[in-house]
Novice: 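One structure coming up, written as structure tokens, with questions to follow.
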Amino acid sequence: MTAGSEAVQDLLPLVFAAPNEALTKAESVLRDRPDPLHASVAHQVIGIWQRDFGDMRLALRHLRRARDWAARAGSADREADVLATLGVALVHSGRTRQGLDALGRGVRRGTGHTRARVLFRRAYSWWVLGHHREALEDVRRAVPVLRQAGDVIWTARALTLRATVHLALGAVERAEADFASAEDLWAVTDQEHDKADAVESRGLAAFRSGDVPAALRLLDEAEERYAKLGTPTFMLSIRRCEVLMAAGLAAEALAEADTAVAELDSIGGQSTRKAELLLAAARAARQADDPATATARAGLAVRLFAGQRRAWWEAHARLVLIGARHAAGKRSGRLVRDAAAVAERLVELGAPAAPEAFLLAGRIALDLGRTADAERHLAVAARSRHNGPPLARMTGWAAQALRARAAGSTRGVLEACRRGLDVLDDHRMTLGASELRARATAQGAELAALAQQAALRSGGARRLLVWSERWRATALSAPPTRPPADPKLLSHMTAYREIAARAEEARMEGRPVPALEREQRRLERAIRSRTLHMRGEARGDDTRFDVGRLLERLGDGVRLVELAVVDGRVQVLLCGQSRVRRFEAGSLAAAETEAEHVQAGLRRLAHPGAQARLPVVEAAGRRLEELLLGPAAAHLGDGPVVIVPPGRLHRVPWALLPSLRERVVSVSPSASSWLRARETRPPRGGRQVLVRGPGLATGGAEVTRLADRYRGATVLEHRDATVPRVLTELDGAGLAHIAAHGTFRTDGPLFSALRMADGPLIVHDFERLGRSPYRIILSCCDTARFATVGADELLGLVTALLPLGTAGVVACSAPVNDAAVVPLMLALHEGLAKGLPLPEALRDARSAMPDDALHRATGWAFTAFGAT
């Protein structure tokens with residue numbers, strides 16, 4: 001590279017347009033023994049690269065050399081510019097006093113246009129330190145000078161910074177205006193790194209305005225831009241953690257923050273970013289119910305922020321630390337005082353998180369019985385219920401509900417909970433992905449619990465039913481958003497099927513598959529990312545749950561049993577004969593443990609020769625009935641029973657319970673979902689579709705027999721059983737029977753799959769159906785397994801079908817013997833041919849099976865979901 005003056009000076013803007021190219025050229029300049037001015041620029045460029053993308057120790061070494069060469073060159077403006085860069089680096093390395101001193105000297109040394117650039121960098125440092133008013137003042141002084149000089153790049157940077165400061169102070173509209181102005185300026189530059197930063201900042205603005213899908217999309221776009229430049233993305237990780245937590249993805253946020261901290265440590269990166277990442281990790285751990293990790297991460301963040309003299313950040317870290325200690329069971333007057341002090345400090349700093357701190361102080365005070373202190377703190381927190389983004393308003397309504405409970409006002413508690421959950425509903429329906437809708441419900445778990453506790457204390461079984469329904473299966477109230485044409489998503493899913501099929505084939509041949517598995521995971525991330533970007537379009541079911549309508553549809557013969565869990569105990573709400581009765585059963589934790597024992601027993605009974613285990617499994621079924629139904633079991637009548645269990649009991653084989661073994665039993669995620677399924681009309685024509693996937697032990701024997709029964713049915717097998725063809729035929733069918741290997745993914749429930757000829761048919765595929773089959777029978781293992789997410793939501797194959805028009809599903813929740821499944825399925829279809837609903841046909845099919853352990857366990861493992 002030539003050492004011409006203009007060429008060397010051009011390296012400074014190049015470091016944010018093409019960072020690695022700028023680094024290479026700066027190193028080349030230094031090899032040519034440049035004059036002091038050019039040496040100063042080259043060292044400054046290397047220092048900026050190391051400061052933002054590498055080792056802070058190297059950054060400071062090069063920037064100090066740049067400062068010394070600038071002094072030798074005798075240029076005051078050159079020295080001022082380097083001092084500003086050095087000051088920012090010192091601040092980022094935790095040497096706050098030295099950094100501000102260097103920035104102050106830069107302001108004094110610089111003149112005109114250069115001084116404005118120095119002011120911008122001091123404003124940036126003020127923002128890093130959490131001194132937002134000082135940051136705004138320096139930007140106010142810099143912007144007019146930069147504009148007058150026609151400096152497009154630095155004006156855009158200043159506007160982007162001002163917008164970011166506005167966001168920190170909760171002024172979203174001002175931030176959006178500045179971001180828009182900056183974006184117009186960036187459009188005419190080649191500053192690719194700054195453009196990526198602008199996209200990232202717009203993602204943060206979208207999040208602050210409540211648009212989580214847009215925030216995720218913009219942050220992913222920014223990450224793609226950074227990847228092309230080959231630069232680290234620590235600030236992006238901090239911001240994405242915040243968005244992931246708001247979406248209910250706390251475990252993912254914690255993993256991302258911890259990974260970023262390890263990477264930052266490995267390169268000797270910015271101490272300020274490490275502290276912020278630790279704070280993000282602490283928040284994520286707290287939300288993920290891991291108070292020990294939250295305490296450790298928050299404690300380290302507090303120490304780092306204190307050493308860096310960053311009062312704004314230190315206050316936020318202390319808030320998380322106090323919350324984690326409270327979650328770990330600590331209660332004391334000192335903890336109340338600490339929370340109140342942090343709340344007051346956040347108010348002084350103008351931080352939007354102040355209501356959260358007052359809510360925490362009030363909650364701890366209530367635990368200690370200090371009602372006067374609690375009322376004082378909660379009253380302040382409750383002011384946020386009418387303004388701000390959804391989660392801030394929910395904080396306010398939670399505070400209002402706690403105030404009402406302390407005052408003994410059941411009506412006040414229920415009204416506050418209703419208003420808070422309405423806010424959550426509005427927020428939830430902006431999310432297009434069913435996963436995000438389900439996970440977002442975690443934000444309202446406290447409000448739901450408070451409402452159910454109040455309803456239980458008031459003694460009204462109907463009221464408790466209404467509040468149990470208010471919180472059940474909310475993610476199923478509307479289908480997920482399905483974009484009609486997303487070429488990237490379709491391309492990713494096609495590639496995913498091909499890779500997954502190749503990996504499965506390689507495993508069967510005993511060949512290693514690490515490269516294929518890596519590519520499969522990459523495609524899974526890409527598919528999930530595209531679906532999370534979808535913004536909600538469909539509205540939920542606006543009609544409130546009507547107990548009278550439910551009782552009318554149940555009539556005198558059908559009983560609906562809704563299991564509500566309040567303070568860890570199972571409350572049985574028995575609906576039928578024009579009334580709702582409440583019975584108390586056992587402990588939810590004990591029922592979960594017993595359900596796992598039953599599952600283990602069914603797995604053993606799926607193999608021949610396990611007849612001796614049958615009495616053990618039956619005894620576990622009796623204990624499970626006592627824990628789940630209690631005295632209500634004696635009041636079920638003689639007719640069909642609909643079970644509405646909490647999400648954590650989704651794997652209970654209900655037909656194993658003694659009082660349900662000879663009954664017509666169906667399961668539904670909620671009473672509202674059962675009503676919708678009951679009132680769903682079958683499609684005209686009633687097409688039958690029979691699908692046989694590869695690799696079944698019986699070869700899918702029942703499909704061949706069923707093809708003879710259903711003359712004119714569409715039969716897809718061998719090479720015809722491809723995902724695109726199967727989806728086309730399933731859409732709007734009257735009855736579908738799928739015999740295919742099922743796999744359930746605990747790590748990614750929407751990648752649970754049925755194995756087709758060309759690869760896996762995953763839950764994401766089902767969500768693309770215009771209307772899923774009216775009735776669908778899934779005859780293989782694990783098709784009725786779900787992941788419990790959010791507050792009490794389920795994700796899996798069955799829950800993907802119910803919102804899309806399916807009225808009834810038969811699926812299996814445990815491993816079963818393939819040979820024993822065939823007669824059960826044939827008997828089930830015999831009942832359907834007689835016009836029986838699915839639950840009744842399944843009951844009769846069980847009774848027609850041989851009375852041995854293998855066949856009885858197979859029958860118990862299958863459950864009818866829905867209403868018909």
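Fair warning: this is a prediction, and the values are worked out from it, not measured in the lab.
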Novice: Quick one: are Arg383 and Val380 in side-chain contact, heavy atoms under 4.5 Å?
Specialist: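 Of all side-chain heavy-atom pairs linking Val380 with Arg383, at least one is under 4.5 Å.
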Novice: Indicate yes or no: does Arg521 engage Glu524 in a salt bridge with an N to O separation below 4.0 Å.
Specialist: no
Novice: Once you round to the nearest 0.5 Å, how far does CZ of Arg115 lie from CZ of Arg109?
Specialist: 13.5 Å
Novice: Run the salt bridge (charged side-chain N to carboxylate O under 4.0 Å, His left out) check on Glu242 and Arg239 step by step: do they pass?
Specialist: CA-CA 5 Å; Glu242 192 172 1; Arg239 288 170 169 170; over 6 Å; no
Novice: Would you check if Thr189 and Leu185 make a side-chain contact, meaning some heavy-atom pair closer than 4.5 Å?
Specialist: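 Not in contact.
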Novice: Would you tell me whether Asp194 and Trp186 have side-chain atoms, one donor and one acceptor, within less than 3.5 Å of each other?
Specialist: no
Novice: Under a 3.5 Å threshold, yes or no: a donor from one side chain and an acceptor from the other, between Ser40 and Arg78?
Specialist: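 The criterion, which ignores hydrogens and geometry beyond distance, is satisfied for Arg78 and Ser40.
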Novice: Ring centres of His193 and Phe53 under 6.0 Å apart?
Specialist: yes
Novice: Within the supplied structure, the quantity of interest is the number of heavy atoms (other residues, nucleotides, ligands) at a distance under 6.0 Å from Glu348 CD; does it exceed 12?
Specialist: yes
Novice: Does any donor atom in the side chain of Gln44 or Asp81 lie under 3.5 Å from an acceptor atom in the other side chain?
Specialist: yes
Novice: Of all heavy-atom pairs between Ala80 and Val118, which one has the smallest distance, and what is that distance?
Specialist: O-CG2, 3.6 Å
Novice: Show me the side-chain donor-acceptor pairs of residues 168-178 shorter than 3.5 Å, one per line, residues at least two apart or across chains.
Specialist:
| residue | atom | partner | partner atom | Å |
| --- | --- | --- | --- | --- |
| Asp178 | OD1 | Arg162 | NH2 | 3.0 |
| Asp178 | OD2 | Arg162 | NE | 2.8 |

Novice: Checking Glu223 against Thr233: is there a side-chain donor and acceptor pair closer than 3.5 Å?
Specialist: no
Novice: Answer yes when Lys195 and Asp190 have at least one side-chain N-carboxylate O distance shorter than 4.0 Å, and no when they do not.
Specialist: no
Novice: What's the spacing between Glu21 CD and Thr24 OG1 if we round to 0.5 Å?
Specialist: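 Answer for the CD-OG1 pair, Glu21 versus Thr24, is 8.0 Å.
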Novice: Return the minimal non-hydrogen interatomic distance between Val88 and Arg121, and the atom names on each side.
Specialist: CG2-O, 3.8 Å
Novice: Would you sort out whether Asp338 and Arg325 count as a salt bridge (charged side-chain N to carboxylate O under 4.0 Å, His left out), showing the intermediate values?
Specialist: CA-CA 11 Å; Asp338 288 347; Arg325 288 172 174 168; 5.3 Å; no
Novice: Evaluate the side-chain proximity of Leu90 to Asp101: yes if any heavy-atom separation is below 4.5 Å, no if none is.
Specialist: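 No, too far: nothing below the 4.5 Å cut-off.
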Novice: Kindly indicate whether the side chain of Leu277, heavy atoms from C-beta on, has any atom under 4.5 Å from the side chain of Lys274.
Specialist: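 Heavy-atom side-chain distance check fails, nothing below 4.5 Å.
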Novice: How far does CG of Asp32 sit from NE2 of His38, to the nearest 0.5 angstrom?
Specialist: 11.5 Å
Novice: Could you walk me through whether His166 and Phe179 pass the ring-ring contact (aromatic ring centres under 6.0 Å, His included) test, one step at a time?
Specialist: CA-CA 10 Å; His166 282 318; Phe179 279 135; 9.6 Å; no
Novice: Rounded to the nearest 0.5 Å, how far does CZ of Arg217 lie from CG of Asp211?
Specialist: 8.0 Å
Novice: Identify the two heavy atoms, one from Ser237 and one from Glu256, that lie closest to each other, and give their separation to 0.1 Å.
Specialist: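 Minimum heavy-atom contact is OG-OE2, 3.3 Å.
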Novice: Does either side chain, that of Thr160 or that of Asp197, offer a donor lying less than 3.5 Å from an acceptor on the other one?
Specialist: no
Novice: Over all heavy atoms of both residues, which pair between Leu218 and Val199 is shortest? Give the atoms and the distance, please.
Specialist: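 Heavy atoms only, the tightest pair is O-CG1, 3.3 Å.
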Novice: Without placing hydrogens or testing angles, list every side-chain donor-acceptor pair under 3.5 Å for residues 56-67, not counting sequence neighbours.
Specialist:
| residue | atom | partner | partner atom | Å |
| --- | --- | --- | --- | --- |
| Arg57 | NE | Asp55 | OD1 | 3.4 |
| Arg57 | NH2 | Asp55 | OD2 | 3.2 |
| His62 | ND1 | His43 | ND1 | 3.0 |

Novice: Could you pull out all donor-acceptor pairs under 3.5 Å where a side-chain atom in residues 311-323 meets a protein atom, sequence neighbours excluded?
Specialist:
| residue | atom | partner | partner atom | Å |
| --- | --- | --- | --- | --- |
| Trp313 | NE1 | Val128 | O | 2.8 |
| Glu314 | OE2 | Arg318 | NE | 3.1 |
| Glu314 | OE2 | Arg318 | NH2 | 3.0 |
| His316 | ND1 | Trp312 | O | 2.7 |

Novice: Measuring only between side-chain heavy atoms, which start at C-beta, is Phe207 closer than 4.5 Å to Leu216?
Specialist: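 Contact flag for Phe207/Leu216 side chains = no.
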Novice: Residues two or more places apart in sequence or in another chain: which of them pass side-chain hydrogen bond (donor to acceptor under 3.5 Å, both in side chains) with Thr231?
Specialist: none
Novice: What pair of heavy atoms forms the shortest contact from Ala294 to Ala285, and how long is it?
Specialist: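 Residues Ala294 and Ala285, closest heavy atoms: N-CB, 3.5 Å.
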Novice: If you define the side chain from C-beta out and look only at heavy atoms, does anything of Val45 sit under 4.5 Å from Leu23?
Specialist: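 Not touching, per the 4.5 Å side-chain cut-off.
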Novice: State, yes or no, whether a side-chain contact exists between Arg283 and Gln287 at a heavy-atom distance under 4.5 Å.
Specialist: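 No. Closest side-chain heavy atoms not under 4.5 Å.
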Novice: Which heavy atom in Ala357 sits nearest to a heavy atom in Leu346, and how many Å separate them?
Specialist: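 What the structure gives for the nearest pair is CB-CD1, 3.9 Å.
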Novice: Is Arg240 salt-bridged to Glu200, cutoff N-O under 4.0 Å?
Specialist: no
Novice: Can you see whether Ser271 engages Gln308 through a side-chain donor-acceptor pair at a distance of less than 3.5 angstrom?
Specialist: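 Judged by distance alone, the side chains do pair up.
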Novice: What I want to check is whether the side chains of Trp49 and Asn20 have a donor and an acceptor closer together than 3.5 Å.
Specialist: yes
Novice: What ring-ring contact (aromatic ring centres under 6.0 Å, His included) pairs are there with at least one residue in residues 139-160, not counting sequence neighbours?
Specialist: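 The answer is Phe120-Trp154.
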Novice: Would Arg225 and Glu221 satisfy salt bridge (charged side-chain N to carboxylate O under 4.0 Å, His left out), going step by step from the backbone distance to the final call?
Specialist: CA-CA 6 Å; Arg225 289 172 177 251; Glu221 180 185 338; 3.3 Å; yes
Novice: Considering only heavy atoms from C-beta outward, does the side chain of Leu167 approach that of Thr164 to under 4.5 Å?
Specialist: no
Novice: Using the test ring pair (Phe, Tyr, Trp, His ring centres under 6.0 Å), find all partners of His492 that sit at least two apart in sequence or belong to another chain.
Specialist: none
